[in-house]
Number of protein chains: 2
Amino acid sequence: MSIENSAARERVLETAERLFSEQGYAAVTLRDIADALKMKQASLYYHVPGGKEALYVEVMQRAMARHREGLQTAVATAQDMRGQLQAAARWLLAQPAINYGRMMQTDMPAVSEAHQAALRQSTHQALIATLAAVFAPIVERRREPRSRAVYLAGAFLAVVETVVQLPAAFGGEPRTTMVDYLIDILLDGLLNEPHELALQPITKEE
Amino acid sequence: MSIENSAARERVLETAERLFSEQGYAAVTLRDIADALKMKQASLYYHVPGGKEALYVEVMQRAMARHREGLQTAVATAQDMRGQLQAAARWLLAQPAINYGRMMQTDMPAVSEAHQAALRQSTHQALIATLAAVFAPIVERRREPRSRAVYLAGAFLAVVETVVQLPAAFGGEPRTTMVDYLIDILLDGLLNEPHELALQPITKEE
DNA sequence: GTCTATACACTGATAGAC
DNA sequence: GTCTATCAGTGTATAGAC
């Protein structure tokens, strides 16, 4: 993008992505990033001459390209929708959290209009569109408008992200267990019989 | 809390809540708030002597008290779980967006430890606990650990918030329609037959 | 490639006039 | 109650030494 790629530059981008993902654009200063790299703030400008905004945009573009690839691969390797969603969730859980809502509502307004447009495009392509493709067949079969697949994609993304950031205190189960549970609910319904317990009679207690 | 309550002070708190809700703690400056009130930045200190952090904490505490009241009322006035969730979603849609993830991950770390603890407590009480109570009976009937109700509460909150911030471009349906659809999916399951309400062929509604 | 030094703008906060 | 004036602290960015 700018300047050739070097291992040192790679470290800068990775560190920046981690911090931006954790704390958001405004909360992370160039000094924070430099400190994490045991460098001085001014030295960052050698690797990223464009400054903070250019660094953020490049980091997010990279992240979105990676997510697009990762999600599509995850989805392609599973047979049924449940497996696709589980694979997609595992990919998301293994990556630095995205915090889609914060990105859209808080971080994006801080960058230039041109950068915003490009980032929105990449983000939609990588996350929403990829997930919506998973939901498209069932939405079609239910004879619902295609836009419903987009809602479902957004909702699925929101749920998985919540699992990432929910206080791990509750239950103490692995996050994959939590997310698989929520996927089962999504597909089978909360009011219907649970999968494993389908044979157990439901009787009132106490 | 500090100083008596006046109409002018009320305006300060309302404006601050709107801006904090839209842009987050770090992105909003005291000058932004003062400008929106057509005041000078220094004048805010008359109404909120504690400064920015105290203002933020008081604003969020107020918001959480209001949400607790509003959600409990919404939940209490409906009979079945579907109605309760619809009422809760309508309350949330009518209020300034919370952006729970941003609040927890980005805004909270910027305030003092003591304030953080208090805010986490209020937020959990007002949002998670209230919604978890709605899910508790069905979780019980499904013979699942109580912690599942907390997952479901977090997931539900995340989904409703996503609906708030999703580009309104998609579909163009009212947000209540979108959220009711997602509630039906949650309860009935995506793989099962659409509920009678969702089953209606897609036609113009008024 | 990384450093020091520094310019410049912005932000939160205080003091005091009216 | 609101203002002007001001300051200390912080953040981005640039210039130039090594």
Side-chain angles (χ1 to χ4, degrees), chain A residues 1-20 22-60 106-116, chain B residues 1-20 22-60 106-116:
Chain A
M1 202 152 189
S2 50
I3 303 278
E4 54 188 301
N5 273 6
S6 68
R9 181 173 153 80
E10 196 66 21
R11 279 189 65 226
V12 171
L13 295 177
E14 280 169 18
T15 303
E17 177 176 352
R18 182 172 55 80
L19 293 177
F20 282 139
E22 286 170 3
Q23 308 172 35
Y25 181 70
V28 175
T29 70
L30 292 181
R31 251 177 267 274
D32 292 335
I33 300 172
D35 286 351
L37 290 163
K38 287 173 180 152
M39 289 172 59
K40 296 301 174 184
Q41 173 251 138
S43 304
L44 290 176
Y45 283 81
Y46 172 81
H47 302 285
V48 190
K52 187 182 182 183
E53 178 169 328
L55 173 58
Y56 175 75
V57 172
E58 181 172 354
V59 156
M60 295 315 285
T106 306
D107 293 343
M108 300 275 301
V111 306
S112 72
E113 289 287 342
H115 279 155
Q116 267 188 58
Chain B
M1 207 148 192
S2 49
I3 303 276
E4 56 190 299
N5 274 6
S6 69
R9 182 174 153 81
E10 196 65 20
R11 279 189 64 225
V12 172
L13 295 176
E14 281 169 17
T15 303
E17 178 176 350
R18 182 172 55 80
L19 292 176
F20 281 139
E22 287 170 3
Q23 309 173 32
Y25 182 70
V28 175
T29 70
L30 291 182
R31 276 178 182 81
D32 292 335
I33 300 172
D35 286 351
L37 291 162
K38 286 175 180 150
M39 288 172 58
K40 296 302 175 183
Q41 174 252 139
S43 305
L44 290 176
Y45 283 82
Y46 173 80
H47 301 286
V48 190
K52 186 182 183 182
E53 179 169 327
L55 173 59
Y56 175 76
V57 172
E58 182 174 354
V59 154
M60 296 314 286
T106 306
D107 294 343
M108 299 276 300
V111 306
S112 72
E113 289 286 343
H115 278 155
Q116 268 188 58

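Residue numbers begin at 1 in each chain, while the letters A, B, ... track the order of the sequences.
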Subject >> Protein-nucleotide distance (A:Leu44, atom CG; D:dA13, atom P), rounded to Å >> reply: 11 Å
Subject >> Contacts of type salt bridge (Lys or Arg N to Asp or Glu O under 4.0 Å), residue A:Glu53, not counting sequence neighbours >> reply: none
**OP:** Just grab all the side-chain hydrogen bond (donor to acceptor under 3.5 Å, both in side chains) pairs involving residues 27-40 of chain A, residues at least two apart or on different chains.
**Re:** A:Thr29-A:Asp32
Original post:
What is the 5' to 3' range of DNA chain C, first to last nucleotide, that sits under 4.0 Å from any heavy atom of chain A?
Top reply: C:dG1 to C:dA5
Original post:
With sequence neighbours excluded, what pairs up with A:Ala54 under the side chain to side chain contact (heavy atoms under 4.5 Å, CB included) test?
Top reply: none
**OP:** Return the set of residues passing side-chain hydrogen bond (donor to acceptor under 3.5 Å, both in side chains) with B:Glu17 (not counting sequence neighbours), or none when no residue passes.
**Re:** B:Arg66
Original post:
So what does B:Ala8 hit on the nucleic acid, given a heavy-atom distance under 4.0 Å: a base, only sugar-phosphate, or nothing?
Top reply: nothing
Original post:
Who passes side-chain hydrogen bond (donor to acceptor under 3.5 Å, both in side chains) against A:Gln116, sequence neighbours left out?
Top reply: A:Arg120
**OP:** Output the distance between atom CZ (A:Arg9) and atom CD (A:Glu14), rounded to the nearest 0.5 Å.
**Re:** 12.0 Å
**OP:** Sequence neighbours left out, what passes salt bridge (Lys or Arg N to Asp or Glu O under 4.0 Å) with B:Glu10? Give chain and number order.
**Re:** B:Arg62
**OP:** Summarise how protein sits on nucleotides 6-11 of chain D as a single string, 5' to 3': B when a protein heavy atom is under 4.0 Å from the base, S for sugar-phosphate-only contact, - for no contact.
**Re:** -----B
Subject >> Those residues that, when tested against B:Ala36, pass side chain to side chain contact (heavy atoms under 4.5 Å, CB included) (two or more places apart) >> reply: B:Thr15, B:Arg18, B:Leu19
